[in-house]
Amino acid sequence: KPLLAGLASAAARAIQALCSRDAGSQTLEADATENASTDGLTTKRGDGGATSATVRSLVQCLAAAGCFQEASLARDVHAQLQAVLIQLSAGMDGSTMALPPLAVTDVVSPAKPAILATQRHLSVLWKPPGWTVTVGWGCDEEWSPADQGAEGVEEREEKKEGELQPLQGWVVERLGSVYPIATDASAQHGLVHRLDKDTSGLMLCALSYHGYHLAHLEFVSGRVTKEYVLLCHGHLADAPRRIEVPLRVVGDKGARRSAPGLGARPACTEVRAVAHLVGKSLEGGEKQQDYSLVEVKLHSGRLHQIRAHLSLEGHPLLGDRDYGAPPATSSKRPFLHAHHLRVDLGEAEGPLDAHCALPADLASLLGSFSASDAESGVMLEKWRRGTPV
């Protein structure tokens, strides 16, 4: 613990030093210089050479070292980092801190992104299936420093150039004229995490550098709630319990996936609720098959973590051929939906807490099943109605 505390203190001081031209200064100048990034979008660089990427790397290293695992140390580390990140962000945001909040919608299109919830510094987006998130680095499911780029390469090879629907492009078009971070490729256009191309659901998008840096801190320190609903083959063992099989990225470009083995990193998927279902095989034919409707919560971030963990349990997701599921004639994508996202930056607005019902393509599949018991029936009916809470 003393060693980790010293490491955290040193990292906080390093970030502090990056916030000023003068290494002894404890303040960040309000001005920021702009540089062109390699893709032609704006890259903002704080005074004294402080960059979002450098800061995120330091925070991520602290997480990898275990500084957020021990409760009392985690509080101290979080407080130190939060203070210097607020200082860093102030010089990068400038006048954007006074911008008006976004309008939100209660009705989502199955094919187009939308803004479902918002606060001063953050927004929650609806990501439809088929939209890619190929930002270059992150800390949540499907992206971490060791895994970066794997999914983006896979997606680029799946479709011809010009056929992709990148979510960051929508963010630039929709938010870029008002929120400078939306055009900043070095800050991932404000996108704080990512989802698989075919996974639908909620994504967090920052509207300021303040929101971006603090949300990233919440993710790496394990303080963000991310919950999913899935449909898998067979009857999964009852909840609650945790699947804690370490994972590593294997495979060549275009076919990367997660699997256990030498060099695997800790991964934890919490199984929160299970409904046992019976229905006609979705692979064709008249034979009855067992399925499970499952609610899970992530406690770590590995490439395809949920898909890999369920497959290792012998219960691949419906439609997930990459992880052992048979071809499903009635499902064009793995049955996986990010339905709940909650993050608290510790500010007066309180937590940003968003829910998203099953989209129509997944909800319609549930009509093919009946529950094996009364408790499963309650859960099945809840999701048939599209009610995530």
Side-chain angles (χ1 to χ4, degrees), residues 104-118 122-135 138-143 151 155 165-168 170-171 174 188-206 215 218-219 224-232 269-273 293-310 317-320 331-343 351-366 379 382-389:
V104 301
T105 181
D106 293 327
V107 180
V108 299
S109 163
K112 293 183 179 180
I115 300 165
L116 300 184
T118 186
L122 298 173
S123 63
V124 175
L125 307 182
W126 151 250
K127 188 195 87 68
W131 286 73
T132 63
V133 187
T134 53
V135 293
C139 59
D140 194 44
E141 188 209 0
E142 292 114 24
W143 50 305
E151 192 172 348
E155 289 160 355
Q165 297 184 94
L167 185 64
Q168 56 265 35
W170 182 89
V171 169
R174 177 68 174 80
Q188 321 309 331
H189 308 285
L191 295 169
V192 186
H193 61 111
R194 65 189 290 178
L195 293 174
D196 274 344
K197 174 175 66 69
D198 290 323
T199 301
S200 57
L202 302 174
M203 288 198 59
L204 192 65
C205 183
E218 297 307 300
F219 267 100
V224 176
T225 296
K226 287 199 70 182
E227 296 179 332
Y228 294 70
V229 61
L230 63 94
L231 186 69
C232 67
T269 302
E270 179 184 353
V271 181
R272 296 175 63 85
L293 184 64
V294 187
E295 297 173 4
V296 300
K297 178 180 180 181
L298 287 180
H299 291 274
S300 57
R302 303 292 173 252
L303 179 74
H304 306 161
Q305 178 176 312
I306 296 172
R307 298 164 60 190
H309 272 170
L310 269 292
L317 273 59
L318 178 72
D320 196 357
S331 178
K332 297 181 179 180
R333 64 180 177 106
F335 194 119
L336 182 61
H337 174 67
H339 74 88
H340 182 208
L341 177 62
R342 184 184 187 276
V343 60
L352 181 58
D353 197 348
H355 297 266
C356 183
L358 274 178
D361 68 315
L362 299 185
S364 63
L365 293 175
L366 296 183
M379 181 171 163
K382 177 184 77 170
W383 286 104
R384 277 176 174 168
R385 295 196 310 267
T387 307
V389 292

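The figures here come from the full heavy-atom set of this structure, side chains too, leaving out hydrogens, waters and symmetry mates. Note that the structure is predicted; figures quoted are calculated from it, not measured.
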Aromatic ring pairing Trp383/His339, orientation class (parallel under 30°, perpendicular over 60°, tilted between): perpendicular
Step-by-step side chain to side chain contact (heavy atoms under 4.5 Å, CB included) determination, Leu125 to Leu191: CA-CA 10 Å; Leu125 307 182; Leu191 295 169; 4.2 Å; yes
Sidechain-backbone polar pair: Ser109 side chain, Pro113 backbone, donor-acceptor under 3.5 Å: no
Inter-residue atom distance Glu295.CD - His340.NE2, 0.5 Å rounding: 11.5 Å
Phe219/Lys226 under side chain to side chain contact (heavy atoms under 4.5 Å, CB included): CA gap, chis, key distance, verdict: CA-CA 10 Å; Phe219 267 100; Lys226 287 199 70 182; 3.8 Å; yes
All side-chain contact (heavy atoms from CB on, under 4.5 Å) counterparts of Pro166, not counting sequence neighbours: Thr132, Leu164, Gln168
Atom of His337, atom of Ala357 and distance for their closest heavy-atom approach: NE2-O, 3.0 Å
Residue that, paired with Cys232, satisfies side-chain contact (heavy atoms from CB on, under 4.5 Å) out of Ile306, Val294, Leu318: Val294
Distance (rounded to the nearest 0.5 Å) between Leu167 CG and Met203 CE: 5.5 Å
Spatial distance of atom CG (Asp353) from atom OG1 (Thr225) [nearest 0.5 Å]: 7.5 Å
Set of residues satisfying side-chain contact (heavy atoms from CB on, under 4.5 Å) with respect to Val108, sequence neighbours excluded: Ala114, Leu116, Trp126
Backbone of Cys205 reached by a side-chain donor or acceptor of His189 within 3.5 Å: no
For Arg174, all residues meeting salt bridge (Lys or Arg N to Asp or Glu O under 4.0 Å), sequence neighbours excluded: none
Partners passing side-chain contact (heavy atoms from CB on, under 4.5 Å) against Pro110 (at least two apart in sequence or in another chain): none
Separation between OG1 of Thr269 and CZ of Arg307, rounded to the nearest 0.5 Å: 13.0 Å
Expected output: side-chain Lys127 to main-chain Arg194 donor-acceptor under 3.5 Å: no
Closest non-hydrogen atom pair between Leu202 and Ala354, with its separation: CD1-O, 3.4 Å
Under the side-chain contact (heavy atoms from CB on, under 4.5 Å) test, residues paired with Arg333 that sit two or more places apart: Pro129, Asp198, Ser200, Pro359, Asp361, Leu362
Any donor-acceptor pair under 3.5 Å from Arg384 side chain to Leu366 backbone: yes
Partners passing salt bridge (Lys or Arg N to Asp or Glu O under 4.0 Å) against Glu227 (at least two apart in sequence or in another chain): Arg272
Among Thr199, Leu310, Asp320, side-chain contact (heavy atoms from CB on, under 4.5 Å) partner for Leu230: Leu310
Candidate pair Leu204 and Val124, rule side chain to side chain contact (heavy atoms under 4.5 Å, CB included), full reasoning: CA-CA 5 Å; Leu204 192 65; Val124 175; 4.1 Å; yes
